[in-house]
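Shown next, in structure tokens, is the structure this report addresses.
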Amino acid sequence: MAVMHEPSLAIPADIAAAQHTIVARWATPGSFWSAAQRLAIVEMVRQARDAAPLAAWVTPSSVEGLLDAACVLPAPLSDAIWRLTNHPGTLTIDWYHQLLDRGLAAGPYVELVAVVAQANCVDRFTDALGIARHILPTPTPGQPRVAIAEDCEVRDHWVPTAAVKGANVLKALSLLPFENDSRRILSDAHYVAEAALLGELTAGRAGLSRPQIELVAARTSTLNECFY
Amino acid sequence: MWRNDPAELALTRAEAAAALGAEALVHAIAVCAFFHMMTRLADGTGTPLDHGSVAATEAIRHAIGVNNYVSRRHLAPRQG
């Protein structure tokens with residue numbers, strides 16, 4: 001059953017269900033971050049998106065009063081979240097290595113990227129429809145429990161990935177199966193079922209042909225200056 | 001991209017819904033939102049162009065100017 005929010009626009013049930021699953025996952029302990037920290041990451045994405053634009057090279061922690069002093073995230077993490085959210089096309093391997101040199105390990109970084117990216121997907125959908133963002137749940141108590149894939153190492157990406165086949169972008173989160181599964185959940189509902197990604201390339205969905213879907217994807221990627 | 005102007009966005013939604021139909025508009029927004037995610041995953045993890053696409057896209061990448069993107073600077077991973 002579809003959920004109505006405007007007389008003429010309805011959110012498909014599969015998208016609504018996927019988003020509720022992802023929001024619930026934010027509120028559970030991850031591999032490296034607690035539930036409270038994961039929700040703080042989402043809150044920081046929202047703060048970054050709602051703030052007046054900052055140049056890519058200006059870190060929010062360097063601007064007096066911009067970040068909440070009570071935030072549980074350290075300043076370098078907040079700066080990284082803002083950069084990932086508002087200027088993803090400016091990221092370089094040197095920027096990533098600076099984060100590593102400041103003490104952030106690759107595993108926690110990958111989980112951070114995953115949650116930031118998911119929050120951008122879910123919130124941008126509700127924002128574009130002009131409806132309220134999801135209310136963030138109460139964090140589930142508990143410590144992070146490391147769950148990483150076997151045989152991960154730095155291969156073609158900056159970050160460690162598992163030895164799996166497929167498109168490079170589908171390997172990006174292979175270090176963390178839980179986050180990779182979240183990406184698949186959103187892909188199946190928002191885009192194209194992953195199993196059909198390279199199958200029937202002419203099949204449409206919800207009134208859009210596959211070429212139209214790919215045009216929207218390409219235009220969005222262009223606006224984000226994404227080389228991949 | 002949209003910067004916090006609900007009235008402008010509502011007008012754009014209405015125009016798009018009239019042209020596409022409501023169902024297609026909602027799905028187009030869903031695809032757009034999903035690719036705001038995927039671009040951050042790709043650029044945040046240093047995802048390189050797939051091996052099979054490098055040579056095949058050389059001319060088109062040059063023609064459309066994506067080689068000028070900062071995000072193309074996916075250098076080889078640090079060794080050691």
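In what follows, every chain begins at residue 1, and chains take the letters A, B, ... in the order their sequences are listed.
- Side chain of H157(A) to main chain of T47(B): no donor-acceptor pair is present (N/O by atom type, distance under 3.5 Å, no hydrogens or angles).
- Put simply, the side chain of N168(A) does not reach to within 4.5 Å of the side chain of L49(B), judged on heavy atoms.
- The minimum heavy-atom distance linking C121(A) with M37(B) is given by the pair CB-CB, 3.7 Å.
- Listed in order of number, the residues of residues 180-187 of chain A that approach chain B to under 4.5 Å between heavy atoms are R183(A), L186(A), S187(A).
- Taking CZ of R83(A) as the reference point, atom CZ of R40(B) lies at 12.5 Å (rounded to 0.5 Å).
- Proximity to chain B is absent for every atom of A80(A), based on heavy atoms less than 4.5 angstrom apart.
- Residue pairs meeting the ring-ring contact (aromatic ring centres under 6.0 Å, His included) criterion with at least one member in residues 46-65 of chain B, sequence neighbours excluded, do not occur.
- When A22(B), S53(B), G52(B) are compared by the number of non-hydrogen pairs under 4.5 Å with chain A, A22(B) comes out ahead.
- In terms of heavy-atom pairs under 4.5 angstrom with chain B, the leader among G207(A), A117(A), A106(A) is A117(A).
- Neither the backbone nor the side chain of T161(A) comes within contact range of chain B; no heavy atoms are under 4.5 Å apart.
- For I64(B), no part lies under 4.5 angstrom from a heavy atom of chain A.
- The aromatic rings of F35(B) and Y191(A) sit perpendicular to each other, their planes meeting at more than 60°, with 30° as the lower class boundary.
- Within 6.0 Å of atom CD in E194(A), more than 12 heavy atoms from other residues, nucleotides or ligands are found, so the atom counts as buried in its surroundings.
- Of the two parts of A10(B), neither the backbone nor the side chain holds a non-hydrogen atom closer than 4.5 Å to a non-hydrogen atom of chain A.
- Of the options N224(A), T85(A), N120(A), a side-chain hydrogen bond (donor to acceptor under 3.5 Å, both in side chains) to H36(B) is made by N224(A) and by none of the others.
- Across all non-hydrogen atoms, the minimal contact from V113(A) to T45(B) is CG1-CG2, 4.3 Å.
- In this structure, D43(B) CG and E225(A) CD are separated by 9.5 Å, a value rounded to the nearest 0.5 Å.
- The most heavy-atom pairs under 4.5 Å with chain B, out of A217(A), A218(A), A172(A), come from A217(A).
- Ranked by non-hydrogen atom pairs under 4.5 Å with chain A, the options T39(B), I29(B), D50(B) are led by D50(B).
- Between chain B and the options I15(A), L173(A), V110(A), heavy-atom pairs under 4.5 Å are most frequent for L173(A).
- Rounding to the nearest 0.5 Å places OH of Y228(A) at 11.5 Å from CG of L41(B).
- Expressed to the nearest 0.5 Å, how far CG of L208(A) lies from CG of L20(B) amounts to 6.5 Å.
- Proximity to chain B is absent for every atom of R219(A), based on heavy atoms less than 4.5 angstrom apart.
- The shortest side-chain heavy-atom distance between H27(B) and V216(A) does not fall under the 4.5 Å cut-off.
- Smallest separation of non-hydrogen atoms from L9(B) and A128(A): CD2-O, 3.5 Å.
- Looking at every heavy atom in both residues, V26(B) comes nearest to P12(A) through CG1-CD, 3.6 Å.
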